[in-house]
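Reminder, nothing fancy here: chain letters follow the sequence lines and each chain counts from 1.
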There are 2 protein chains.
Amino acid sequence: MTVTLADVAARARVSPATVSRVLNGNYPVATSTRDRVLRAVNDLDYVLNGPASSLAAATSDLVGILVNDIADPFFGIMAGAAQSQIGGPGDGSGRAGGEKLAVVCNTGGSPERELTYLTLLQRQRAAAVVLTGGAVEDPAHQAAMAAKLAKLADAGTTVVFCGRPPLPDSDAVLAALAFDNRGGARALTEHLLELGHRRIGYVAGPLERTTTRHRLEGHREAMRAAGLDGDQDRLTVHGWYDRASGYDATRELLSREGEVTAVVAANDTVALGACAAIRDHGLRIPEDISVAGFDDLPFSVDAVPALTTVRLPLAEAGAQAGRLAMGKEKPPAGGILTIEAELMVRGSTAAPRG
Amino acid sequence: MTVTLADVAARARVSPATVSRVLNGNYPVATSTRDRVLRAVNDLDYVLNGPASSLAAATSDLVGILVNDIADPFFGIMAGAAQSQIGGPGDGSGRAGGEKLAVVCNTGGSPERELTYLTLLQRQRAAAVVLTGGAVEDPAHQAAMAAKLAKLADAGTTVVFCGRPPLPDSDAVLAALAFDNRGGARALTEHLLELGHRRIGYVAGPLERTTTRHRLEGHREAMRAAGLDGDQDRLTVHGWYDRASGYDATRELLSREGEVTAVVAANDTVALGACAAIRDHGLRIPEDISVAGFDDLPFSVDAVPALTTVRLPLAEAGAQAGRLAMGKEKPPAGGILTIEAELMVRGSTAAPRG
DNA sequence: CTGTTAGCGCCTTCAC
DNA sequence: GTGAAGGCGCTAACAG
């Protein structure tokens with residue numbers, strides 16, 4: 001039926017162990033022997049049985065990359081970069097060699113699915129797991145995550161965070177690459193303040209996520225430093241990280257607050273929705289109202305006017321996370337690395353009227 | 001060290017076989033016994049050993065979803081929808097039950113990586129594989145793909161295409177959901193012709209992909225039907241499916257052809273680049289030049305002006321592919337289903353000047 | 001450098 | 001409805 005390693009061994013006139021050594025390549029084998037084995041592998045079109053090999057070796061070549069929303073380029077860019085470091089270049093033949101199987105798992109932002117995926121990866125004895133994007137701050141979930149990650153680490157799975165703050169009191173995580181969301185948000189709001197804005201609406205993400213909190217905190221730090229902390233809560237609307245939320249929240253801001261001169265959005269996608277709402281309201285950007293986003297996704301520069309935003313080096317961070325997961329790079333001191341954000345000033349922000 | 005099924009059996013005072021039956025749920029077990037087993041599973045925090053179980057059962061719970069570009073929402077939307085059908089709702093506890101592990105693999109559009117991923121999934125004895133997006137038409141690659149898919153199907157892996165035309169002479173594929181790219185493209189160009197356009201530039205995708213070819217063919221059919229087939233080649237520029245290609249190709253069209261009154265792009269992302277190029281050239285959309293895209297990705301409605309494009313039901317198709325992969329739905333007659341595309345007329349197209 | 005020998009942890013007949 | 005036993009295909013010590 002299906003070709004096994006023993007078949008290959010028989011055909012190459014060597015022992016199964018030798019075939020295994022050739023295939024795994026972590027053991028010296030005479031060149032002539034290896035050639036014979038490889039020829040047999042080709043002749044029989046043999047493909048290693050992953051489960052069997054994982055069972056025997058007590059580890060698999062699976063690497064999981066968890067993302068909150070696979071349809072969001074924010075995650076796609078990070079995941080793609082991570083995968084490129086993990087999957088290996090291949091040998092151009094389509095025949096799999098020693099590569100890892102880098103796969104991305106879409107949690108949809110649900111804490112339960114995040115845990116489920118981790119359990120599934122634990123079950124597969126995954127070699128590594130990369131968790132991308134902000135975390136949910138619910139204490140129960142955090143505790144469950146810490147416990148689960150500890151178990152994974154115990155079983156030999158490397159855990160890396162990418163764009164996620166470190167878990168307190170946990171040494172299960174090899175490295176945490178955290179974006180400086182707070183600093184980026186602060187710089188962005190400072191930019192608006194310098195332009196002369198005083199009444200700045202904020203369309204935030206879901207309340208319980210670290211990314212949301214950090215960006216909001218940065219914004220408020222800047223406001224407070226400028227002596228503006230009176231009606232912050234009234235000027236903040238929470239929603240999800242999508243276009244519709246940006247649209248709805250901005251409509252609300254515009255209707256109940258005629259005097260907002262600028263809208264800061266949780267991210268670029270939300271900003272796009274905000275722009276649409278502002279236009280539908282009959283106002284111009286940036287003449288009547290300034291708009292700013294966050295992330296600097298590829299489409300942001302093509303918005304009209306081009307979106308002022310905060311650039312996050314998503315691809316670089318993803319690639320580094322991939323390398324860390326593969327053990328190609330040693331983790332930063334303390335296991336934590338803060339990745340700087342860069343303010344990108346474009347056409348969607350300007351001084352307020354009058 | 002690590003908890004095994006035998007440990008659970010001992011604690012529940014039953015045989016390993018019984019524990020296995022409870023866990024897999026495909027066999028009658030007395031309720032009281034099951035409760036005892038499940039309690040032991042919880043007490044010991046037992047997680048099934050995937051490789052061992054896959055080895056014994058000769059099949060795994062892994063389902064692979066291949067995409068050409070994970071940073072492109074076109075694929076993200078399909079993959080996310082597919083995953084939602086495969087991953088199962090979960091039981092809300094984060095504890096994995098009978099769910100499949102739905103994972104997405106990013107080929108980056110490379111035929112070699114596509115084959116490599118298939119081999120890797122074959123190695124894992126994947127339960128199913130979903131291939132999304134257009135295929136590369138190189139004969140050698142097509143043959144290799146057909147052979148590989150046949151082997152997968154032979155080994156019991158369900159193969160489903162989503163947004164990809166069926167493979168000729170292959171019964172390895174359970175179902176092929178193909179978008180009507182040709183019809184959509186034809187409708188789009190007909191729309192431009194009705195508006196009065198005659199000199200229409202076409203920014204195509206990479207030459208060897210089915211999606212590119214079908215969309216281009218639809219465009220040319222419409223042109224030909226209108227008696228316009230003279231300088232088609234001169235008005236077509238090939239590039240990749242990204243913003244930069246759209247920008248560069250459109251610049252070229254504008255520089256060498258002062259008289260183009262409309263630009264049709266390979267997809268929405270390319271169209272965005274085209275818009276930028278047109279603006280940078282000092283021209284207005286749609287007054288000076290009309291622009292149209294394809295796919296109707298979420299951001300297209302927020303472009304300024306909103307993009308005329310062709311809507312593809314990506315989420316629905318992805319979900320159906322997921323259901324087919326899971327055997328939740330029976331395949332269409334003949335294994336082939338053509339999915340209609342819908343013309344979305346918006347502000348980026350208008351009658352040419354004069 | 002290569003062959004031999006034991007399992008890895010689970011599923012699955014087969015009996016009871 | 002439950003237990004006992006064998007084997008899934010491979011790797012990892014050991015010998016040689």
Side-chain angles (χ1 to χ4, degrees), chain A residues 1-38 40-41 44-62 96 98 120 122-127 155-156, chain B residues 1-38 40-41 44-62 96 98 120 122-127 155-156:
Chain A
M1 261 273 298
T2 119
V3 183
T4 76
L5 186 141
D7 299 330
V8 176
R11 187 170 229 275
R13 314 192 140 278
V14 294
S15 73
T18 300
V19 177
S20 171
R21 295 197 261 253
V22 170
L23 260 32
N24 293 315
N26 346 324
Y27 224 79
V29 174
T31 314
S32 64
T33 313
R34 182 172 55 239
D35 289 349
R36 208 143 29 90
V37 169
L38 289 178
V41 166
L44 299 173
D45 211 9
Y46 170 69
V47 174
L48 196 64
N49 182 317
S53 125
S54 295
L55 173 58
T59 173
S60 82
D61 54 3
L62 195 69
L120 252 11
Q122 175 186 10
R123 176 187 291 189
Q124 300 293 334
R125 305 301 190 249
Chain B
M1 261 276 298
T2 117
V3 183
T4 76
L5 186 142
D7 299 330
V8 175
R11 187 170 229 274
R13 312 190 140 281
V14 294
S15 73
T18 300
V19 178
S20 172
R21 296 197 257 251
V22 170
L23 260 31
N24 292 315
N26 350 327
Y27 223 79
V29 173
T31 314
S32 65
T33 313
R34 184 174 52 241
D35 288 349
R36 206 142 33 89
V37 168
L38 289 178
V41 166
L44 298 174
D45 212 9
Y46 171 68
V47 173
L48 195 66
N49 184 317
S53 113
S54 296
L55 172 58
T59 173
S60 82
D61 55 3
L62 195 69
L120 252 12
Q122 177 186 9
R123 175 186 291 187
Q124 301 292 333
R125 304 301 189 251

Please tell me which of the listed nucleotides, [options], lies nearest to the side chain of [X]?
X     : options                : value
B:T4  : D:dT11, C:dC11, C:dC10 : C:dC10
B:A56 : D:dA12, C:dT2, D:dG7   : D:dG7
B:P28 : D:dG1, D:dT11, D:dC8   : D:dG1

Euclidean distance, atom [atom1] of residue [X] to atom [atom2] of [N] [Å, nearest integer]:
X      : N      : atom1 : atom2 : result
A:R123 : C:dC10 : CZ    : P     : 11 Å
B:L23  : C:dG9  : CG    : C1'   : 13 Å
B:D7   : C:dG9  : CG    : P     : 9 Å
B:Q124 : D:dG9  : CD    : C1'   : 14 Å
B:R125 : D:dC8  : CZ    : C1'   : 11 Å

Closer to the 5' end of DNA chain C via nearest nucleotide, is it B:Y27 or B:L55?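 Looking at the nearest nucleotide for each, B:L55 comes out on the 5' side.
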
So, OP1 or OP2 of D:dG9: does either fall under 4.0 Å of a side-chain N or O from A:S53?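 No, outside the criterion.
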
If you assign B:V29 and A:V19 each to the DNA chain D nucleotide with the nearest heavy atom, which residue ends up on the more 5' nucleotide?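 By nearest-heavy-atom nucleotide position, the 5'-most residue is B:V29.
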
Indicate, with a heavy-atom threshold strictly under 4.0 Å, whether B:L5 touches base, sugar-phosphate, or nothing.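 Sugar-phosphate contact only.
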
Side chains of residues 31-38 of chain B: which donor-acceptor partners sit under 3.5 Å, not counting sequence neighbours?
residue, atom, partner, partner atom, Å
B:R36, NH1, B:A12, O, 2.5

A:V41 side chain near A:L23 side chain, heavy-atom distance below 4.5 Å: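 Side-chain contact under 4.5 Å: yes.
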
Any side-chain heavy atom of A:T4 within less than 4.5 Å of one from A:D7?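 Side chain of A:T4 against side chain of A:D7, heavy atoms only: contact under 4.5 Å found.
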
Go through the structure and list residues passing side-chain hydrogen bond (donor to acceptor under 3.5 Å, both in side chains) with [X], not counting sequence neighbours.
X     : answer
B:T18 : B:S15
A:R11 : A:D43
A:S20 : A:N24

Tabulate protein N/O versus nucleotide N/O from nucleotides 3-6 of chain C, keeping only pairs under 3.5 Å, one per line.
residue, atom, partner, partner atom, Å
C:dG3, OP2, A:S15, N, 2.9
C:dG3, OP2, A:S15, OG, 3.2
C:dG3, OP2, A:T18, OG1, 2.8
C:dG3, N7, A:R21, NH2, 2.7
C:dG3, O6, A:R21, NH1, 3.3
C:dG3, O6, A:R21, NH2, 3.4

For B:S53, what residues pass the side-chain contact (heavy atoms from CB on, under 4.5 Å) criterion, not counting sequence neighbours?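 Testing B:S53 for side-chain contact (heavy atoms from CB on, under 4.5 Å), a comparison that skips the adjacent residues, returns B:L48.
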
